[in-house]
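One structure is given here, and the rest of the page talks about it.
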Amino acid sequence: MPVVTLPDGSQRRFDHPVTVDEVAAGIGAGLRKAALAGRVNGKLVDTSYVIADDANLAIVTDKDADGLDIIRHSTAHLLAQAVKELFPDAQVTIGPVIEDGFYYDFAYERPFTTEDLAAIEAKMAELAKADQKVTRRVLSRDEAVTFFRNLGEIYKAEIIASIPEKEEISLYGQGNWVDLCRGPHVPSTGKLKAFKLTKVAGAYWRGDSRNEMLQRIYGTAWADRKQLEEYLHRLEEAEKRDHRRIGRELDLFHMQEEAPGAVFWHPKGWRVFQTLIGFMRERQRAAGYQEVNAPELMDATLWQQSGHLEKFGESMYLTKTPDERLYAIKPMNCPGHVQIFKHGLRSYRELPLRLAEFGKVHRYEPSGALHGLMRVRAFTQDDAHIFITEAQITAECVAVTKQILEIYADFGFEDVRIKFADRPPKRVGTDEVWDRAEEALKAASRAAGIEYALNRGEGAFYGPKLEFVLRDAIGRDWQCGTLQVDLNLPGRLGAYYIDEHSAKRTPVMLHRATFGSLERFFAILLEHHAGRLPAWLAPVQAVVLSITERQDGYVGAVTETLKNQGFLVESDLRNEKVGFKIREHTLQRVPYLLVAGDKEVAAHLLSVRTRNGKDLGTMSPETFAERLRIELDSRGRQTVEG
RNA sequence: GCCGGGAUAGCUCAGCUGGUAGAGCAGCGCAUUCGUAAUGCGCGGGUCGGAGGUUCGAGUCCUCUUCCCGGCACCA
């Protein structure tokens with residue numbers, strides 16, 4: 001005779017087994033209607049689930065994160081049901097919940113079109129309106145396999161075959177459609193009120209590019225219309241942040257057909273790029289790094305020795321010269337830095353030796369992977385290789401980690417996650433060396449006091465790595481920095497130093513990058529700030545504008561003075577209304593607009609307005625310069641606005 | 001690389017079933033000298049991504065190809 005304990009601690013006693021639905025009904029008709037599922041002793045179940053023994057029960061509604069997931073999962077089922085009604089020959093496969101929505105993969109003789117999508121969505125609305133009951137039943141493995149085989153659903157039969165023996169096999173039905181599913185699901189299709197199909201795409205069966213391609217339909221689903229509208233609005237806003245769009249609007253860079261995956265930097269974009277390099281250069285110098293520069297093009301034999309040609313060759317650009325030599329354009333900077341290390345005899349006294357380079361590398365990325373500045377074939381790394389003894393690994397890793405996190409904070413990225421990527425299947429070196437490298441990096445992580453998630457099998461081919469992932473203003477994660485412990489390449493490339501006993505020793509090499517790819521980091525900054533780069537990064541920090549030509553002399557003089565102090569300032573003397581000029585420079589995201597009319601000229605002032613439309617009143621050019629200096633030096637932690 | 005979609009003026013986009021390319025913004029010229037997100041009038045601007053083909057005739061149809069977009073796979 002079950003006693004059901006509710007989240008508020010109250011208990012209900014029953015003299016017979018009850019369903020979740022019945023308990024909800026006992027509490028109130030409104031709750032019963034809102035109930036999507038139950039959480040019995042922490043486990044999600046259908047509202048039809050029968051509680052036979054004492055249990056804790058929470059009724060799951062659409063206010064619950066789990067409730068929303070159930071809505072999405074059930075909407076995926078609704079999608080599959082609609083597809084089967086419209087295209088009986090399509091075979092169903094899997095339909096999981098993803099962030100903000102769901103997808104379902106189908107095997108079908110042809111790709112679905114956007115017209116199909118509209119028809120499917122309409123059918124889904126119709127089925128939802130019919131408010132069909134969703135029922136669950138359990139079958140044995142053999143029964144289930146036979147059931148789906150008979151329906152011609154060979155993919156489903158294959159999925160069942162891969163379900164562990166001990167797991168129960170449940171089927172969910174609604175109307176005349178049945179799907180294999182773990183559940184739980186909403187009690188009836190009428191609970192699905194706000195959904196939209198968003199796109200179609202190809203996707204490999206079981207995520208393996210050797211398998212056939214299925215037709216994937218993506219959709220989004222929410223508790224109500226309003227949430228759906230908000231989501232669609234969020235998508236639009238995210239699109240406005242797209243760095244490709246901002247790059248064009250602000251005249252920062254462009255790309256063109258003749259150089260796929262490569263960037264043409266315009267003056268303003270390159271200025272920002274140089275600011276990033278200047279900033280990093282300063283930090284690295286302070287931390288004991290020395291900047292070097294290695295050749296872009298080196299004989300292929302060197303890359304053979306390092307293992308790059310074998311493990312990474314598919315992504316390398318090769319070129320044969322008239323003298324019949326085969327060269328490779330560098331895809332990484334490490335072998336070049338090892339050559340610099342090797343030149344001359346190194347003593348243990350020189351370690352750690354930190355060699356840094358803003359190295360431009362070329363990688364032949366798959367055409368389908370290219371994406372604006374985020375994924376290119378030619379990019380610049382803020383790359384450094386630190387040569388150390390094994391005893392120095394921990395201390396150096398701790399120092400690197402600390403600096404990476406400090407630098408991210410300077411850009412306003414405080415929310416940083418760290419992943420530990422261990423040995424990949426395609427690698428050089430013995431397992432014994434990998435054990436040591438992984439242990440060393442783990443020990444260093446502990447010493448640095450950082451927590452990480454394991455990213456299995458994602459290490460570099462020569463060593464394990466820490467990956468630094470930062471979260472931007474709209475909650476997206478970007479992997480940028482990396483720290484790798486390499487016990488393989490120095491030996492392969494013949495690097496050694498002389499230790500305190502005059503013996504030759506192979507150094508350990510740490511690979512580290514903070515921005516990762518400068519191009520990509522630039523793009524992340526643009527999207528993070530929606531183009532409104534902080535003044536210290538902005539290509540133009542202020543524009544001085546006249547109201548009529550009577551102020552031309554004053555505006556010109558003020559502009560010159562500010563420029564001479566190193567500020568990035570331009571003047572706008574065009575014969576246009578001031579409102580027009582304000583609009584243009586605001587759209588160009590210039591942090592400060594300095595207006596000079598007759599009144600300002602007479603009093604030696606500037607009227608200061610921010611790109612966000614805020615009027616900071618008038619101040620002298622000297623005061624503005626002083627305050628801007630503080631803003632730049634503090635990297636935006638203090639602003640002209642105060 | 002795979003699946004789908006796309007490429008028309010500097011930008012955003014229209015161009016139905018094949019009949020000889022259009023708008024807004026931007027640009028240029030002229031007028032206007034103006035107080036915080038678009039002053040008015042006028043003018044110029046296109047090998048319709050590239051190469052073949054079908055046709056009396058192709059931006060429109062077919063084939064190939066390049067690049068871009070969205071996914072998938074990949075991302076040392």
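Below, chains carry the letters A, B, ... as their sequence lines are ordered, and counting in each starts from 1.
- Taking the ring axis of A:Tyr103 as reference, the NZ or CZ atom of A:Arg216 stays within 45° of it and closer than 6.0 Å to the ring centre.
- Taking atom C1' on both B:A9 and B:A26, the two are 10 Å apart, rounded to the nearest angstrom.
- Taking the six-membered ring where the residue is Trp, A:Phe521 and A:Phe413 present perpendicular rings, their angle passing 60° and hence far from 30°.
- For B:A51 and B:A7, the C1' atoms lie 16 Å apart once the distance is rounded to whole Å.
- Formation of a donor-acceptor pair under 3.5 Å by the A:Gln541 side chain with backbone atoms of A:Phe567 is not found in this model.
- Ring geometry, A:Phe264 versus A:His254: the interplanar angle falls under 30°, so the pair is classed parallel (tilted spans 30 to 60°).
- When the side-chain nitrogen and oxygen atoms of A:Arg210 are compared with OP1 and OP2 of B:C2, none of them lie within a distance under 4.0 Å.
- Put simply, the side chain of A:Arg244 reaches to within 4.5 Å of the side chain of A:His371, judged on heavy atoms.
- Ring geometry for A:Tyr462 versus A:His511: interplanar angle under 30°, hence parallel rather than tilted (30 to 60°).
- Considering only side-chain N and O atoms, A:Arg244 lies under 4.0 angstrom from the phosphate OP1 or OP2 of B:G70.
- One atom, CG of A:Leu593, and another, P of B:A38, lie 13 Å apart when rounded to the nearest Å.
- Using a 4.0 Å cut-off between charged side-chain N and carboxylate O, A:Glu396 and A:Arg354 make a salt bridge.
- Outside the 6.0 Å centre-distance limit, the rings of A:His337 and A:Phe387 are not counted as a close aromatic pair.
- Across all strands shown, A:Phe112 has no heavy atoms under 4.0 Å from either base or sugar-phosphate atoms.
- B:G19 and B:G57: their P atoms are spaced 14 Å apart (whole Å).
- Remark: the separation of the P atoms in B:G6 and B:C16 is 14 Å, to the nearest Å.
- Backbone-only contact: A:Leu370 has heavy atoms under 4.0 Å from sugar-phosphate atoms and none from a base.
- Cation-pi check for A:Lys442 over A:Phe420 is met; the charged atom lies under 6.0 angstrom from the ring centroid and within 45 degrees of its normal.
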Nucleotide N/O to protein N/O under 3.5 Å, stretch nucleotides 72-74 of chain B:
residue	atom	partner	partner atom	Å
B:C72	O4'	A:Gly202	O	3.2
B:C72	O2'	A:Tyr204	N	3.1
B:A73	O2'	A:Ser209	OG	3.2
B:C74	O2	A:Arg375	NH1	3.4
B:C74	O2	A:Arg375	NH2	2.7
B:C74	N3	A:Arg375	NH1	3.1

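- With RNA chain B read from its 5' end, the first of the two nearest nucleotides for A:Thr586 and A:Glu549 is the one closest to A:Glu549.
- Using a 4.0 Å cut-off, no side-chain N or O of A:His254 falls inside it from OP1 or OP2 of B:G10.
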Pairs counted only when both distances fall under 3.5 Å, Watson-Crick or G-U: show me the 5' to 3' dot-bracket for RNA chain B, [ ] for pseudoknotted crossings and | for other-strand partners. (((((((..((((.....[..)))).(((((.......))))).....(((((..]....))))))))))))....

